[in-house]
Chemist: 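What follows is a single structure, and I will ask about it in a moment.
What you are looking at is a predicted structure, and each value in this text was computed from that prediction instead of being measured. By convention in this document, chain letters (A, B, ...) are assigned in the order of the sequence lines, proteins followed by strands, and residues within each chain are numbered from 1.
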Protein chains: 2
Amino acid sequence: MAKDSDLLLLENQICFPLYAASRMIIQAYREPLEELGITYPQYLVMMILWEKDGLAVNEIGKKLFLDSGTLTPLLKRLESHNLIKRVRSEEDERKVEIQLTFQGKSMKSKAEKIPSKIMECLNSWDQKSLVNFKSEVNKLVETLNQP
Amino acid sequence: MAKDSDLLLLENQICFPLYAASRMIIQAYREPLEELGITYPQYLVMMILWEKDGLAVNEIGKKLFLDSGTLTPLLKRLESHNLIKRVRSEEDERKVEIQLTFQGKSMKSKAEKIPSKIMECLNSWDQKSLVNFKSEVNKLVETLNQP
DNA sequence: TTTTTTTAAATTGTAAACAATTAAATTTAA
DNA sequence: TTAAATTTAATTGTTTACAATTTAAAAAAA
C-alpha cells in the first residue's frame with residue numbers, strides 16, 4: 001500500500017514527465033524554427049492557418065486551448081513579421097480574422113521539412129509504439145478537456 | 001505514402017498533444033495548489049526539497065531541467081513567502097543552498113492530499129494503462145535528454 | 001604560483017501562459 | 001423594442017521559460 005508521502009516523490013508523478021517532455025520537444029523545434037524566425041506557439045498558429053486561412057482569434061484559440069490573452073500579443077508579433085494580417089470582420093465586428101500574407105503562405109514549403117527533423121530525435125522509437133503513444137496522449141487531452 | 005504537407009496538420013503532430021496535455025494537467029493542479037498559495041513549478045521545487053532538503057540551485061535545476069534564469073526568481077518568490085531560505089554555501093561560495101523553513105516543512109502534510117485529487121481527473125483511466133503511459137512518457141524524456 | 005578554464009548564480013531581455021477585467025458588438029429575453 | 005446576458009478581443013499584471021551575458025569563486029593547467 002502506497003503512502004501519501006510516496007505520492008509526493010517526483011519520480012511518482014505523472015505530470016512532471018509530461019511537463020518535462022513537452023518542454024524538451026519544444027526545445028527540439030527551436031533550432032529548425034529559428035531558420036523560419038518563429039517560435040513553437042507561433043508555428044502552431046501558422047500550421048492552423050496553412051490548413052484553413054482566415055480563422056478568427058477565438059477559433060484558433062479553441063484548437064490550441066489558448067485565450068486571447070496569449071494569442072493577441074502572439075498574433076501581433078506574427079503580424080509585425082509580415083506573416084499574417086489581423087482584419088476586423090465586417091459581418092461581426094467583435095471578431096478579428098487572421099489572414100496569411102504572401103510571405104506567410106510561402107513559409108509553408110520551408111516548414112514542411114520540419115516534422116521529419118523532429119522525427120529524427122525519436123528514431124530510437126519504432127513507428128508502431130510512437131503511433132500508439134500519440135493516441136494515448138490524445139486520449140489524455142480528451143479526458144482533461146471535459147470537466 | 002504520406003505527403004510532407006500532411007505532416008504539417010495539427011492532428012498529425014506528436015508534440016502538440018503533449019504540449020496541450022502538459023498545460024491542461026498543470027491547470028488541474030491550479031485549484032488545489034491555490035490553497036497552498038503556490039504555483040505548479042514552485043510545487044515541483046517544494047517536492048524536491050521535501051525529499052532532500054538543502055540542495056543547491058543547480059542540483060534542483062538538474063532534476064527539473066531548469067536553469068538559474070528560471071529558478072532564481074522562482075526561489076526568491078518562495079523565499080518571500082517564507083517557505084524556503086536561500087543560504088550561500090560556506091564550503092563553496094558559488095553555491096546557494098535552498099533550505100526549507102518551518103512553514104515550508106509544514107506545508108508537506110497539506111500537499112500530500114494533492115496527488116489523489118489529480119488522480120480524480122484521471123479516474124476514467126485504469127491503473128494499468130496509466131502506469132504504462134507514465135513509463136512511456138518517462139522513456140520519451142530519457143530519449144530527448146541525451147543528444 | 002600564476003594563468004586559464006570551468007562552474008554557479010544572478011541578470012537582462014523576449015516570449016509565452018493565464019487570471020481577471022474592460023470595452024464593444026451581438027444575441028437573447030423581457 | 002428595450003434591457004439584460006453573452007460573446008469577442010484586448011488589456012493589465014504576475015509567473016514561467018530560456019537565450020545570452022555577467023560576476024565571482026573554484027578547479028585545472030601552465
Chemist: If every non-hydrogen atom of B:Leu49 is compared with every non-hydrogen atom of B:Gly54, which pair is closest and at what distance?
Modeler: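 What the structure gives for the nearest pair is CD2-N, 4.3 Å.
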Chemist: Strictly by ring-ring contact (aromatic ring centres under 6.0 Å, His included), give each pair with a member in residues 50-81 of chain B just once, sequence neighbours left out.
Modeler: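 Residue pairs with at least one partner in residues 50-81 of chain B: there are none.
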Chemist: If you round to the nearest 0.5 Å, how far is OH of B:Tyr40 from CD1 of B:Ile114?
Modeler: 10.5 Å
Chemist: Between A:Cys15 and B:Ile26, what is the shortest heavy-atom contact and its length?
Modeler: SG-CG1, 4.1 Å
Chemist: What range of DNA chain D does chain A touch, first nucleotide to last, counting atoms under 4.0 Å from its heavy atoms?
Modeler: D:dT7 to D:dA19
Chemist: For A:Phe16, check ring pair (Phe, Tyr, Trp, His ring centres under 6.0 Å) against everything at least two apart and list the hits.
Modeler: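 For A:Phe16 there are no ring pair (Phe, Tyr, Trp, His ring centres under 6.0 Å) partners, ignoring immediate neighbours.
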Chemist: What's the separation between atom OG1 in A:Thr101 and atom NZ in A:Lys85, rounded to the nearest 0.5 Å?
Modeler: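 If I round to the nearest 0.5 Å, the distance is 7.5 Å.
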Chemist: Can you measure from CD (A:Gln103) to OG (A:Ser106) and round to the nearest 0.5 angstrom?
Modeler: 7.0 Å
Chemist: Considering heavy-atom distances to DNA chain D, does B:His81 or B:Glu91 have its closest nucleotide positioned more toward the 5' end?
Modeler: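 Its nearest nucleotide being more 5', the pick is B:His81.
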Chemist: Would B:Asp92 and B:Ser89 count as having a side-chain donor-acceptor pair, cut-off 3.5 Å?
Modeler: no
Chemist: Is D:dT14 paired to anything, Watson-Crick or G-U wobble with both distances less than 3.5 Å, and if yes, which nucleotide?
Modeler: C:dA17
Chemist: Starting at CD1 of A:Ile84, measure out to CG of A:Leu78 and round the result to the nearest 0.5 Å.
Modeler: 5.0 Å
Chemist: Polar atom pairs between nucleotides 5-8 of chain C and protein, under 3.5 Å, N or O only, would you list them?
Modeler:
| residue | atom | partner | partner atom | Å |
| --- | --- | --- | --- | --- |
| C:dT7 | O2 | B:Arg94 | NH1 | 3.1 |
| C:dA8 | OP1 | B:Asn58 | ND2 | 3.0 |
| C:dA8 | O3' | B:Arg94 | O | 3.4 |

Chemist: What pair of heavy atoms forms the shortest contact from A:Arg23 to B:Leu64, and how long is it?
Modeler: NH1-O, 3.3 Å
Chemist: Go through residues 68-77 of chain A and report each residue with a non-hydrogen atom lying under 4.0 Å from DNA chain C, sorted by number.
Modeler: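 A:Gly69, A:Thr70, A:Leu74, A:Arg77, in order of number.
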Chemist: Roughly how many Å is it from CZ in B:Arg23 to C1' in C:dA16, rounded to a whole number?
Modeler: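 These atoms are roughly 10 Å apart.
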Chemist: Between C:dA10 atom C1' and B:Arg86 atom CZ, what is the distance in whole Å?
Modeler: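 The distance from CZ of B:Arg86 to C1' of C:dA10 comes to 9 Å, rounded to the nearest Å.
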Chemist: How close do A:Ser68 and A:Pro73 get, counting heavy atoms only, and between which atoms?
Modeler: O-CD, 3.8 Å
Chemist: Do any of residues 24-43 of chain A sit with a heavy atom less than 4.0 Å from DNA chain C, and if so which?
Modeler: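 Under 4.0 Å from DNA chain C: A:Thr39, A:Pro41, A:Gln42.
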Chemist: In Å, rounded to the nearest 0.5 Å, how long is the span from NZ of B:Lys52 to CD1 of B:Ile48?
Modeler: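 It is 12.0 Å, given to the nearest 0.5 Å.
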Chemist: Let's go through B:Glu136 and B:Lys139 carefully: what are the C-alpha distance in whole Å and the side-chain angles of both, what is the deciding distance for salt bridge (charged side-chain N to carboxylate O under 4.0 Å, His left out) to 0.1 Å, and is it a yes or a no?
Modeler: CA-CA 5 Å; B:Glu136 291 278 293; B:Lys139 201 173 76 181; 3.6 Å; yes
Chemist: Taking OH from B:Tyr19 and C1' from C:dA17, how many angstroms apart are they, rounded to a whole number?
Modeler: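 After rounding, the gap between these two atoms is 8 Å.
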